[in-house]
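Have a look at the structure below, then the notes.
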Amino acid sequence: MKKRIAIFASGSGSNAQKIMEHFKYSQDAEVSLILTNNPEAYVLQRADNFEVPSHVFDRHEFYHTDHIVELLNRMQIDLVVLAGFLWLIPANLLKAFPEKIINIHPALLPAYGGKGMYGDRVHQAILDNKEEESGITIHYVNEHFDEGEIIYQARFRIEPGDNLEMVKFKGQQLEHQHFPKVIENLLKKVDGHKLTD
Ligand code: GAR
C-alpha cells in the first residue's frame with residue numbers, strides 16, 4: 001500500500017507544490033491531504049490543481065479538540081509534513097504521530113530559529129548579521145519551535161550584494177530541491193506507526 005503524506009501549510013505552499021509534483025506518479029507514496037489554518041492560503045488552490053483533498057481548521061479545532069488527530073488517523077496518514085506552517089503543534093498530535101512530524105525551516109538551525117522566526121524575518125536577520133552563509137534545515141517536530149532533532153541540512157553562500165530577495169530565492173531553491181527527496185527517504189523507514197533505523 002502507498003505511504004500517505006499529510007501537509008500542513010499556512011501560505012503560498014510552493015514546497016507543498018514540489019512535494020505533490022514529486023509523488024504524483026510515485027508507486028510508493030502520495031500526498032493524501034493538505035491542511036491549513038488560513039482559508040485564503042494559496043496552497044488550497046494548489047491542492048485543488050492536484051486533486052488533493054484539503055481541510056481548513058481554526059484555533060479552537062486545532063488546540064481544543066481531537067478532530068485533526070482523528071482525521072489523520074482516519075486517512076491512515078504515515079507522515080505529517082509542515083511546509084510553511086506557523087503554529088506550534090499541540091501535544092495530542094505529537095503523541096499520536098511520534099517521530100512522524102517533520103518541518104522545514106529556512107535557516108541553519110539552531111541558529112535563526114524559535115518563535116516569530118519565519119519567512120522573510122529569518123532572511124532579514126541573517127542579512128542584518130552579515131552572515132556569509134545560510135541554508136535550510138529539515139527536522140523532527142517537538143513541543144518547541146524549531147528544536148526537534150535535525151534530519152537534514154543544506155547550505156548556500158551569501159555573496160556581497162545579495163539582498164533579501166536573493167537570499168530567499170537561494171533558500172527556496174534548496175528547499176524545493178531537497179525536501180521531497182528527504183521525505184521519500186524517510187518514508188522508506190516508516191514502519192507502522194514509527195520511523196525506524
Ligand atoms: C518556507 O521557506 C519554509 O522554510 C518557511 O516558510 C516558507 C514557506 O514557503 N517556514 C518557516 O519559516 C517555519 N519557521 P512556501 O509556502 O512557499 O512553501
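Atoms considered below: every heavy atom in the structure, side chains included; atoms not considered: hydrogens, waters and symmetry mates. For ligands, and for the atoms within them, numbers begin at 1 and follow the listed sequence. Counting from 1, the numbers follow the sequence of the chain as shown.
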Worksheet item: Can an N or O of Gly13 be found at a distance shorter than 3.5 Å from an N or O of ligand 1?
Response: yes
Item to complete: Name the option, out of His176, Arg46, Glu175, His105, that contains the heavy atom nearest to atom 4 (O) of ligand 1.
Response: Glu175
Fill in: N/O separation below 3.5 Å, Ser14 to ligand 1
yes
Discussion item. Test side-chain hydrogen bond (donor to acceptor under 3.5 Å, both in side chains) on Asn129 and Tyr112; report intermediate values, then the result.
Written reply: CA-CA 11 Å; Asn129 284 343; Tyr112 300 102; 2.8 Å; yes
Worksheet item: Going by distance alone, is a donor N or O of one side chain under 3.5 Å from an acceptor N or O of the other, for Glu147 and Asn142?
Response: no
Discussion item. Check the orientation of Phe85 and Phe62. Use parallel for under 30°, tilted for 30 to 60°, and perpendicular for over 60°.
Written reply: perpendicular
Practice prompt. Kindly indicate, with the supporting measurements, whether the criterion side-chain hydrogen bond (donor to acceptor under 3.5 Å, both in side chains) is fulfilled by His22 and Glu184.
Written response: CA-CA 9 Å; His22 185 86; Glu184 184 178 320; 2.5 Å; yes
Worksheet, complete the sentence: Numbered in order shown, the ligand 1 atoms found under 4.0 Å of a heavy atom of Gly119 are 12 (O)
Worksheet item: Of all the non-hydrogen atoms in the protein, which one sits nearest to atom 5 (C) of ligand 1, and at what distance?
Response: Pro106 CD, 3.8 Å
Worksheet entry | Heavy-atom neighbours of Glu133 CD exceed 12 at 6.0 Å | yes
Worksheet item: So which protein heavy atom does atom 9 (O) of ligand 1 come closest to, and at what separation?
Response: Asn15 ND2, 4.0 Å
Worksheet entry | Close-contact set for ligand 1 against Met117 heavy atoms, below 4.0 Å | 14 (N)
Practice prompt. Look at the side chain of Asn38 and the backbone N and O of Ser10, then say whether any donor-acceptor pair between them is shorter than 3.5 Å.
Written response: yes
What donor-acceptor contacts under 3.5 angstrom involve side-chain atoms of residues 50-58, with partners at least two apart or in another chain?
{"from": "His55", "atom 1": "NE2", "to": "Glu61", "atom 2": "OE2", "distance (Å)": "2.9"}
{"from": "Asp58", "atom 1": "OD1", "to": "His60", "atom 2": "N", "distance (Å)": "3.3"}
{"from": "Asp58", "atom 1": "OD1", "to": "Glu61", "atom 2": "N", "distance (Å)": "2.9"}

Worksheet item: For ligand 1, is Ile104 a contact, meaning one of its heavy atoms is under 4.0 Å away?
Response: yes
Worksheet item: Which atoms of ligand 1 have any heavy atom of Gly84 under 4.0 Å away?
Response: 6 (O), 8 (C), 10 (N)
